[in-house]
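Just so it is clear, the model here is predicted, and its values are computed rather than measured. These numbers come from the heavy atoms of this one structure, side chains and all, not from hydrogens, waters or symmetry mates.
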Amino acid sequence: MPAEPDALIFDFDGTLVESSDLHFAAISAAVARQGGAIARSWYDARTGLGRRDLCAAFAAGSDDPPDIERLVADSLAETGALVGMVRPNPPVVALARRFRGWRPMAVATNGESQVVTPILSATGLEKLFDTVVSVDQVKAPKPAPDLFLTAAARLGVAPVRCLVLEDSAEGLAAAKAAGMTALDVRRAETLVKIAALSPTSAHVKPGSLERRHGTS
């Protein structure tokens with residue numbers, strides 16, 4: 001991990017917010033509309049995939065494949081109706097709150113902006129971040145590095161100076177491909193590390209965010 005990270009980039013689902021129940025409920029309802037069913041264990045093994053890739057993977061393994069475009073659209077609609085199920089992930093949100101105003105921060109997610117924006121608003125987290133990069137704003141989802149590289153470019157920070165918080169194999173691979181250091185928040189030792197990480201411990205100068213980005 002960089003001794004003095006110049007920016008923090010957060011994955012969204014499963015990292016910044018606890019949203020797996022919402023997304024499983026949404027995809028389950030969408031699959032059911034086409035007469036199918038999806039196992040929670042199957043879904044949990046693929047939470048790092050973007051919506052379209054997830055729907056395509058489900059169709060590929062089905063004896064009676066659903067219409068992928070309809071599945072994507074229906075799951076998006078269901079997700080929008082279930083935003084209230086999402087909760088902030090306390091240790092990761094605490095890290096973001098500690099660094100707000102000290103270092104630029106971004107969200108980089110395989111989620112769509114029409115889903116991510118209302119969840120950030122509903123959870124009161126939107127003001128913590130300088131930019132949000134969603135999958136509909138880049139050419140390729142994770143595990144491609146596009147999301148992270150776009151976030152770093154918007155923050156004006158070299159990729160090697162960014163610290164990424166992630167919770168999936170796809171996200172960790174994307175961070176590596178972007179040349180960034182990543183911490184896996186699923187690991188107990190990571191939670192210990194981020195609990196101890198503060199602007200003081202990272203030797204960050206106060207007010208740097210305001211000076212560099214003109215925010216308040």
Side-chain angles (χ1 to χ4, degrees), residues 5-26 47-48 50-51 75-138 141-142 146-157 159 162-168 170-171 174-175 178 180 182-183 185 191 194-195 197-199 202 204 206-216:
D6 289 337
L8 277 67
I9 304 177
F10 296 76
D11 171 52
F12 190 61
D13 294 301
T15 299
L16 191 64
V17 297
E18 298 172 343
S19 55
S20 61
D21 288 345
L22 175 151
H23 290 299
F24 177 68
T47 55
R51 188 181 310 275
S75 66
L76 270 171
E78 293 287 346
T79 299
L82 298 171
V83 166
M85 295 177 65
V86 177
R87 297 290 180 270
N89 186 8
V92 179
V93 169
L95 175 68
R97 293 193 187 281
R98 288 197 301 276
F99 272 82
R100 173 62 181 163
W102 294 75
R103 276 297 186 251
M105 298 190 297
V107 173
T109 172
N110 269 350
E112 302 86 354
S113 57
Q114 69 190 85
V115 173
V116 175
T117 299
I119 292 176
L120 282 170
S121 178
T123 53
L125 300 176
E126 73 273 24
K127 293 183 179 179
L128 292 177
F129 301 98
D130 300 279
T131 190
V132 177
V133 187
S134 52
V135 72
D136 44 300
Q137 298 171 7
V138 297
K142 304 170 190 176
D146 301 37
L147 284 157
F148 290 131
L149 291 174
T150 299
R154 289 186 186 178
L155 296 176
V157 176
C162 295
L163 175 63
V164 170
L165 286 300
E166 261 290 352
D167 79 315
S168 72
E170 291 82 3
M180 300 178 182
L183 294 177
V185 302
L191 299 182
I194 65 174
L197 187 62
S198 68
V204 181
S208 60
L209 179 59
E210 287 78 5
R211 289 196 298 272
R212 293 172 58 181
H213 297 274
T215 60
S216 58

Under a 3.5 Å threshold, yes or no: a donor from one side chain and an acceptor from the other, between Ser75 and Glu78?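 No pair is found: no donor N or O on one side chain lies under 3.5 Å from an acceptor on the other.
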Looking only at heavy atoms, which two atoms of [X] and [Y] are closest? And how far apart?
| X | Y | value |
| --- | --- | --- |
| Ile9 | Ala152 | CD1-N, 4.2 Å |
| Lys142 | Glu170 | CB-O, 3.9 Å |
| Pro91 | Ile194 | O-CD1, 3.9 Å |
| Ser134 | Gly111 | CB-O, 3.2 Å |
| Ala96 | Phe129 | CB-CZ, 4.1 Å |
| Gly14 | Asp167 | CA-OD2, 3.3 Å |

Tell me, do [X] and [Y] make a side-chain contact under 4.5 Å, heavy atoms counted?
| X | Y | value |
| --- | --- | --- |
| Pro90 | Glu18 | yes |
| Met180 | Pro159 | yes |
| Asp13 | Val17 | yes |
| Arg51 | Val135 | no |
| His23 | Thr47 | no |
| Ser168 | Asp11 | no |
| Phe12 | Ile119 | yes |
| Asp130 | Leu155 | yes |

Mind checking the CG-SG spacing from Asp6 to Cys162? Nearest 0.5 Å is all I need.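 Rounded to the nearest 0.5 Å, the CG-SG separation comes to 7.5 Å.
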Between CG on residue Asp21 and CE on residue Met85, distance to nearest 0.5 Å: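 So the CG of Asp21 and the CE of Met85 are separated by 5.0 Å.
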Would the distance check show the side chain of [X] and the main-chain N or O of [Y] forming a donor-acceptor pair, the cut-off being under 3.5 Å?
| X | Y | answer |
| --- | --- | --- |
| Asn89 | Thr15 | yes |
| Arg97 | Leu128 | no |
| Asn110 | Pro141 | no |
| Arg98 | Leu197 | yes |

Show, in sequence, the C-alpha distance, side-chain angles and deciding distance for Thr150 and Gln137, and conclude whether the side-chain contact (heavy atoms from CB on, under 4.5 Å) test is met. CA-CA 9 Å; Thr150 299; Gln137 298 171 7; 5.9 Å; no
With respect to Val116, which candidate in Leu16, Val133, Thr109 satisfies the side-chain contact (heavy atoms from CB on, under 4.5 Å) definition?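 Answer after filtering Leu16, Val133, Thr109: Thr109.
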